[in-house]
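Below is one structure, written out as structure tokens; the observations come after it.
Each chain gets a letter, A, B and so on, in the order the sequences are listed, and its residues count up from 1. All heavy atoms count here, side chains included; hydrogens, waters and symmetry mates do not.
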Amino acid sequence: MAKRSIGLQGRENIYLDRPIWASAHEEPEGAVLSDVVAQAVDRPNTRKVTDLLMAVEEARGGPAWPSPMDFLRERASVIRRETLEDLPGYVSQLADAARSNGMIVHFASTPGEARQVITDIAKERGVELVVKSKSMVTEEIGLTKHLESMGIESVETDLGEYIVQLADERPSHVMVPAIHRSREDIARVFSQLSGGSVRSDIPELVAFARQRLRADFARADMGISGVNFAAADRGTLVIVTNEGNGRMVTSRPRVHVAVMTMEKVIPRFSDLAVLLPLLFYAASRQRLTAYQTFINGPRRPGEQEGPEEVHLVILDNGRSDISKGSYKEVLACIRCGACQSACPVYRRVGGGQAYLSTYGGPIGAVLTPLLKERPGPSELSFLSTLCGACEEVCPVKIPLTSLLIGLRADYEASKGPYSASGLAWKAWGELWSRSYGYSLSTTAVRLVAPLMEKARQLGFPLPGAAGRWVQGRSLPRFTTRAQAKHGSTAPFDSAPPVLGNFTSDTQDDSSVSREEHIDES
Amino acid sequence: MDEFNNGISPVGIAHSIMDELAKTARVAVFATCMVDLAGHTVLEATEKVLEAMGVEVVLPDGQSCCGQPALNSGYPDPAVKLAKHWIKTFEPYDVVVSPAGSCVAMVHHHFPRILEGGWRERATRLSKRTFELTQFLVARQERLAFSLDETVTYHDSCHMKRFLGESSTPREVLSWVKGLQLVEMEGADVCCGFGGTFSVKFPEVSVEMGRLKLDLASRTQAGFIVSADPGCLMHLEGTARAQGIGLRTMHIAELLAKAMQRKSEHLHGDIRS
Ligand code: SF4
């Protein structure tokens, strides 16, 4: 009988109230993004997430990048781009340095390979129970589910991750995985888990989780962690947490497996002086997190503590290709989650689960299509108003909106040259780059609009975009220009109404002829 | 996007250059498609205010749209076509003014990104002479007498604030209006949820974002939510009407036209200090 997790004991008693598309176990395959988003808006906690993130922003106040953070931001942007200029070089330097520190380094090019590497390590060492600290890459490769299928229990030890694991959900924020869960929700989950009654009082909730998880730390055979930064020059892995669970995971069990995606590498240990304070600031406006763990290898002879083995798994999963293309800046990301918290769409859909992918929010909308992730919906780049709030808060200045616009073009281009929307936009371009075409079509809209309004009043559903516009909104009042005016001679109120645009016969005194306006060069 | 760019870098035009340009006797007004379709009152108001300032207003023949809808929908080619058309249409004029912050941001921020070679240079040159309405009014350094007894709150449109980098001139212009109270709402620069085609691709979120905005605006007790972007206003007004929210929307040009007392009373002097 294999060792079982104490932390997870009783989880079959938890009533799963999440929609199926938020599940960590079910593939959200077949789920339609626009439907899911519509459902997400109406979930009970969605508005609370919106209000919470708005309140946090309001409380922070002030300019987003006061001195000296603006300086660190500039510096970090350069460091991260410098890294991307030679990603393979830095990764191999890291691997060498980590090996000379006594770590065992593995490369995985796909999620499948990474899972295989990790399960092989576990099997060869007779691992029965795994403790995990928070890591997005293990979400990306679906590790927990895979280990479970091999009969190895793996328990999340970050409080937020623990909650979403119990509720069988994907994390909804890279830094605050259970941001969509209220205290009451959590108390209910813990009560069902324990068969007792846990109060929705924060110290009590924390104490409950701690007591459960401590038992697992002591018994686990293997700890799995992510990596926040990996310094290529020294082979040092850095993990930051506020709960100290990262330190337990990486030091108590006899085997530690650190999993990272290749772009977590940084050139120099000294770069941490810039990147760490910047990460803390961007993520939570902290000067310092409670714990920063620096790992330089396994327990050395004569040392009392630490794992016997440290493995470093470096995952590519398409990133080598991304680093060579026009979207490479996305790899500058340090996973602070600031773009998520700042995104009004992310807020209004109650967190990242509605993005149907590992990473939600703006960073997810960019990264997911590039990773060609499992069932990652490729039209995710459209789930943004392109408002730019994400870019404003991004500590490494990733031009997220430009990248989203590029991905939208890729998505549309993938439909081929004769898609209905492609032809429509082409026709639009032809029409609207000509004066008469533009007048004609705007006039047509004005003529059709009243009919649509009439139809709507009579209860007919409106077609296409108009139909979707009127879900919750009135149609605009399409108006005719009361006058078209050229020059300044006519008094303002005296010109007769003209249907259409710019059709006045008065020539303006510019030297450009009408022909020059219309032809396309 | 072969080279790294540095995220948002609002095209900062030195105020001195703007001030010099704003002395112009004549401006070309870029109406924008949104205004042509559903906002002629905005255009009339724009003309009225500019003319009261003694500026001759020209509506260049053949103007259409900046191309932003296509670009943001994943169709850069038609967007490029319209961008070139836009440049050809407005290039002959010394100064271009538009009552739509987002479209001016398109010219400043996106034109140089989607165009190449000579076209990019032309776009960059022309963008330096292209103003959002309130930018022009402030740079013009002369103040009309405005007066209106009203309480309003101002909504920063995302593109105007973040891509054009402008949030001060609309507020400054509002401060000129005697009797007008500007009450800032929480999250004045949070997106209203319009987002162009986003509004019809994800209508539920779009409307909810609009309601949130209207809700925050209503808490100020203002009678109007004022903005310098017809797109946001169309969405907010449509949402408010359908949801029975009492708050009304008004374009900043309309507010100014309404508040205009006399045709022109110039108060020369440094109004920025
Ligand atoms: S894209 Fe920027 S803001 Fe978003 S998580 Fe990455 S580093 Fe943070």
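The most heavy-atom pairs under 4.5 Å with chain A, out of B:C33, B:A242, B:G74, come from B:G74. Note on B:G195, B:G196, B:S102: by heavy-atom pairs under 4.5 Å with chain A, the leading option is B:G195. Note on A:V37, A:L407, A:L383, A:D42: by heavy-atom pairs under 4.5 Å with chain B, the leading option is A:L383. Listed options B:P69, B:A28, B:P76 were ranked by heavy-atom pairs under 4.5 angstrom with chain A; first place goes to B:P69. In terms of heavy-atom pairs under 4.5 angstrom with chain B, the leader among A:L386, A:D51, A:T46, A:L400 is A:L386. Between chain B and the options A:C394, A:S34, A:P344, heavy-atom pairs under 4.5 Å are most frequent for A:P344.
Heavy atoms of A:S381 lying under 4.5 Å from chain B are absent altogether. No part of A:Y411 comes within reach of chain B, as not one of its non-hydrogen atoms sits under 4.5 angstrom from that chain. Contact annotation for B:D77: neither backbone nor side-chain heavy atoms come within less than 4.5 Å of a heavy atom of chain A. Contact of B:C192 with chain A is not made at all, since no heavy-atom distance falls under 4.5 Å. Using a 4.5 Å cut-off between heavy atoms, B:H235 touches chain A through backbone and side chain atoms alike. In this structure, chain B has heavy atoms under 4.5 Å from both the backbone and the side chain of A:V345.
A donor-acceptor distance shorter than 3.5 angstrom exists from the side chain of B:E254 to the backbone of B:H251, with no hydrogens or angles considered. A donor-acceptor pair under 3.5 Å links the side-chain atoms of B:T89 to the main chain of B:H85, judged by distance alone.
Screening residues 193-202 of chain B for side chain to side chain donor-acceptor pair (under 3.5 Å) gives B:S73-B:T197 as the qualifying pairs, with residues at least two apart or on separate chains.
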Indicate every side-chain donor-acceptor pair of residues 209-219 of chain B with a distance under 3.5 Å to a residue at least two apart or in another chain.
from: B:R211; atom 1: NH1; to: B:Q243; atom 2: OE1; distance (Å): 2.7
from: B:K213; atom 1: NZ; to: B:H155; atom 2: ND1; distance (Å): 3.0
from: B:K213; atom 1: NZ; to: B:G187; atom 2: O; distance (Å): 2.9
from: B:K213; atom 1: NZ; to: B:A188; atom 2: O; distance (Å): 3.0
from: B:K213; atom 1: NZ; to: B:V190; atom 2: O; distance (Å): 2.7
from: B:D215; atom 1: OD2; to: A:R47; atom 2: NH2; distance (Å): 3.3
from: B:D215; atom 1: OD2; to: B:R219; atom 2: NH2; distance (Å): 3.3
from: B:S218; atom 1: OG; to: B:L214; atom 2: O; distance (Å): 2.7

Run B:F111 and B:W86 through ring pair (Phe, Tyr, Trp, His ring centres under 6.0 Å) and show every step you take. CA-CA 10 Å; B:F111 276 14; B:W86 194 93; 5.7 Å; yes

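For the pair B:K81/A:E430, a side-chain contact is recorded, criterion being any heavy-atom separation below 4.5 Å from C-beta on. Between A:E57 and A:R347, the closest side-chain pair of non-hydrogen atoms falls below 4.5 Å. Annotation: side chain of A:P395 is in contact with side chain of A:W65 (closest heavy-atom distance under 4.5 Å).
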